[in-house]
Number of protein chains: 2
Amino acid sequence: MKSQLQKINEFINNLGREEYSILEKISTTKTYKKGEVLLHQNETCRFTYSVEKGILRKFYLNDGKEITTEFLFEDDIAVSFDSYVLQKPSREFIQAITDSTVSQLDYHSFQEAKSLHSELVKLDLLITEYYAMWLENRLLEFHTLNATQRYLHLLSNQPEIIQQIPLSYIASYLGISLETLSRIRAKI
Amino acid sequence: MKSQLQKINEFINNLGREEYSILEKISTTKTYKKGEVLLHQNETCRFTYSVEKGILRKFYLNDGKEITTEFLFEDDIAVSFDSYVLQKPSREFIQAITDSTVSQLDYHSFQEAKSLHSELVKLDLLITEYYAMWLENRLLEFHTLNATQRYLHLLSNQPEIIQQIPLSYIASYLGISLETLSRIRAKI
DNA sequence: CGAGGCCTTGACCGCGGTCAATGCCCGTGG
DNA sequence: CCACGGGCATTGACCGCGGTCAAGGCCTCG
């Protein structure tokens, strides 16, 4: 997983000037206030959102309850994946948890850039591979760890999440109720 | 999801003869007997296995118990994803559930082919995107459906699984015990 | 006919969910 | 400056889904 991040960073550093400047040209930087929604459910995800500052989350609604699927920090990329890839309405919301600065890359511009510069396809592949591995690990955790273990695992791997984010979001991210999370924390 | 499969098929049909013949050259067809293991845990996954005939499954061990993560039918591709991408030892096994014929594609040959033919990178991307969406959906199902609903969902989406595969494999694929699956089936 | 693999059924239990009350912190306005 | 209200977290009582353990049924194949 981490070695994949290295690959991605190296790849970006070794990109030709031309490709690099194209990416810059088709990206726009925007700021969002805490609580603001970048992408609504049923909207088609036109952008990938690269976090420059702040924290985002992705979530969807199930029986009216918000289920958080991912937290995004600096240098992470937020995107409603299937909506973006298939250019169809999104199940997920993307929301700013804190005031945030984001560099957004337009789908169609990026598609065009990829068709002209095959290096960008490789970059896209590396990033998609990373996301797939992240998903595989998340599935594995749900199948092999109980609620307490998942919390401890999060605590040791991403302590920044626990400190900066409301427990209700964290609970749904861990697949448990807010009350259960509270009890787990009380025991430790 | 299905539209992504269409994209992939179209893309393969529109591949140049050259790319096509390269893929053929670096693939080898093999047959495996029921129960035979194509990839062991801790072995590095050197191949992608494209199923031409038969059924494969992927699984890993947790406390000595087998957890099945995926069933692969004709035209599906079996690969221990993170092991293949990072070329590191695999957590998962890949095993033939029935006598099977498989076309296997070597990692290093494919990497080389991709570096010479950027069309193949695009193909790799499309397939990886499909896998990521499949994983996203699987995660969603675990979070939104209970055991009975997951079984019914499987029954309506992939009835072939229920008919041809031992219930013990299906139970672990659904994330439940064999006994619970049996009780669910009794109620219907 | 007997053995072993696979599935079913029963009894019991614990993890984590739900509902509801209470606590705590903080911003706002009187 | 205090009082109040709202948002967020904690705690308690209760319950049900699905797990575990163990026994029993049912094929298939030697």
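Residue numbers begin at 1 in each chain, while the letters A, B, ... track the order of the sequences.
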What is the distance, to the nearest angstrom, from the [atom1] atom on [X] to the [atom2] atom on [N]?
X: B:I184; N: C:dC7; atom1: CD1; atom2: C1'; answer: 14 Å
X: A:N146; N: D:dT20; atom1: CG; atom2: C1'; answer: 16 Å
X: B:Y151; N: D:dC17; atom1: OH; atom2: C1'; answer: 18 Å
X: B:H143; N: C:dG16; atom1: NE2; atom2: P; answer: 13 Å
X: A:I162; N: D:dA9; atom1: CD1; atom2: P; answer: 12 Å
X: B:N62; N: D:dT20; atom1: CG; atom2: P; answer: 11 Å
X: A:L178; N: D:dG7; atom1: CG; atom2: C1'; answer: 12 Å
X: B:Q164; N: C:dC6; atom1: CD; atom2: P; answer: 17 Å

Exercise for the section: Determine, stepwise, if the pair A:Y49 / A:K58 fulfils side chain to side chain contact (heavy atoms under 4.5 Å, CB included). Expected result: CA-CA 11 Å; A:Y49 302 92; A:K58 287 160 55 176; over 6 Å; no
Exercise for the section: Confirm from the modelled atom types if A:R183 and C:dT18 form a donor-acceptor pair under 3.5 Å, side chain to base only. Expected result: yes
Exercise for the section: Please evaluate the base of C:dC7 for a donor-acceptor partner in the side chain of B:E179 within a cut-off of under 3.5 Å? Expected result: no
Handout entry: Phosphate contact (C:dG16 OP1 or OP2) by A:T180 side-chain N/O below 4.0 Å
Key = no
Handout entry: side-chain N/O A:K65 vs C:dG17 OP1/OP2, d < 4.0 Å
Key = no
Exercise for the section: With the side chain counted from C-beta on, respond yes when A:W134 and A:E70 share a heavy-atom pair under 4.5 Å apart, and no when they do not. Expected result: yes
Handout entry: Side chain proximity check, B:K30 to B:F47, heavy atoms < 4.5 angstrom
Key = no
Handout entry: Minimum-distance nucleotide (side-chain atoms of A:L167 versus C:dC7, D:dT10, C:dG16)
Key = D:dT10
Practice task
Select one nucleotide: of D:dG19, C:dT8, C:dG17, the one nearest the side-chain heavy atoms of B:I176.
Solution key: D:dG19
Handout entry: Side chain A:T98, main chain A:K34, donor-acceptor under 3.5 Å
Key = no
Problem - Where A:E92 and A:F81 come nearest, the two heavy atoms and their spacing - result: OE1-N, 4.3 Å
Problem - B:A186 or A:L181, whichever maps to the more 5' nucleotide of DNA chain C - result: B:A186
